[in-house]
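Here, residue 1 is the first one in the sequence, and each next residue gets the next number.
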Amino acid sequence: MARLLAVRYGLTAYHYDYHDARGHDDRRVARRVRLGQSPDAPDPDATWVNTNPQEMAAETLAGFPVRFEWALDDLRGLVSGRPIVAEGWGLRPELVAPIIDSPRRMVVMVPTEGFRERQLRELPRTATVGHGVSDPARAQRNRLGRDRLVADDAARSARRLSIRVIEVDGTQDADAVADIVADHFRPYLPPLEDRGH
């Protein structure tokens, strides 16, 4: 959605997952060292197999505030003459709400269970957790369970903060969902004729 809105309205898109996976690794390593942990990435089995969805979700949620500060550093350093649209699962409602002037500045998008199942069937990258795990099926179940818990938590947090939740069920294509998101953000978007393209 962020990419589609950026193209339509001449915005700058900030993709949390991209920056978190690539630009923040040095900070992740430094934080592990500061906490007395190994600088090496955690063992894949410890992360994905020898755990359960509840533990994984709790660890993920506990890590979001630290990672959010890294994203804010990125955004502060992002020089753009255009409005910025930021997206990603680490931009949590309870973290974003205190720094925006209106709950209309944010939406939370969560997949329905049917859409999750469709993604698993149709998107090869969703079918596996990754390489190096001893039990890929269990790792996948754990990941999916964690993702459900984290998404449910985001939706609850958003509703508590009067932030709109959009459930994506796969019945509409990306452009149609982008129309819904654009309509929500209409007061903050430049007119299409002023995009500068």
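- A 4.5 Å side-chain heavy-atom check between Q140 and L144 finds at least one atom pair inside the cut-off.
- Residue pairs meeting the ring pair (Phe, Tyr, Trp, His ring centres under 6.0 Å) criterion with at least one partner in residues 26-52, sequence neighbours excluded, are absent.
- Residues meeting the side-chain hydrogen bond (donor to acceptor under 3.5 Å, both in side chains) test with R118, sequence neighbours left out: E122.
- No side-chain donor from either of Q119 and R116 sits under 3.5 Å from a side-chain acceptor of the other.
- The hydrophobic cluster around L161 extends to Y14, Y16, L61, F64, F68, L72, L75, L78, I84, W89, L91, L95, V96, I99, I100, M106, V108, V110, V150, I163, V165, counting ILVMFWY residues whose side-chain heavy atoms fall within less than 4.5 Å of a member.
- In this structure, V66 shares a hydrophobic cluster with W70, the cluster being traced through Ile, Leu, Val, Met, Phe, Trp and Tyr side chains under 4.5 angstrom apart.
- The shortest side-chain heavy-atom distance between P190 and L11 falls under the 4.5 Å cut-off.
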#### Entry: From CA spacing to verdict: side-chain contact (heavy atoms from CB on, under 4.5 Å), E55, R146
CA-CA 8 Å; E55 290 175 355; R146 177 205 63 178; over 6 Å; no
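- Taking 4.0 Å as the cut-off between side-chain N and carboxylate O, E87 and R3 do not count as a salt-bridged pair.
- By the 4.5 Å heavy-atom criterion applied to side chains, M56 and T47 are not counted as neighbours.
- In this structure, the side chains of V107 and F185 come closer than 4.5 Å at one or more pairs of heavy atoms.
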### Message
Run T112 and E167 through side chain to side chain donor-acceptor pair (under 3.5 Å) and show every step you take.
### Response
CA-CA 6 Å; T112 62; E167 290 192 346; over 6 Å; no
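- A distance of 8.5 Å separates CZ in F115 from CG in D169, rounded to the nearest 0.5 Å.
- Residues satisfying the side-chain hydrogen bond (donor to acceptor under 3.5 Å, both in side chains) criterion with H184, sequence neighbours excluded, are absent altogether.
- Contact detail for P93 and A154: the closest heavy-atom pair is CG-O, 3.5 Å.
- Remark: R32 CZ is packed, more than 12 non-hydrogen atoms of other residues, nucleotides or ligands lying under 6.0 Å away.
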### Query
Taking it one step at a time, do R67 and R28 satisfy side-chain contact (heavy atoms from CB on, under 4.5 Å)?
CA-CA 9 Å; R67 294 159 68 184; R28 216 176 335 270; 4.3 Å; yes
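- What you find for D17 and R22 is that their closest heavy atoms are O-NH1, 4.4 Å.
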With a cut-off of 3.5 Å and sequence neighbours excluded, list every side-chain donor-acceptor pair involving residues 173-183.
unit_1, atom_1, unit_2, atom_2, d
D173, OD1, D175, N, 3.2
D173, OD1, A176, N, 2.8
D179, OD1, R8, NH1, 2.7
D179, OD1, R8, NH2, 3.0

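- Closest non-hydrogen pair, P44 versus G132, comes out as CB-O, 3.7 Å.
- Although no hydrogens or angles enter the test, the distance criterion places no donor-acceptor pair under 3.5 Å between the side chain of S157 and the main chain of D153.
- Within 6.0 Å of CD on E69 lie more than 12 heavy atoms contributed by other residues, nucleotides or ligands.
- Crowding of Y188 atom OH: a count of heavy atoms from other residues, nucleotides or ligands under 6.0 Å exceeding 12.
- Salt bridge status for D101 with R105: present, with a side-chain N to carboxylate O gap under 4.0 Å.
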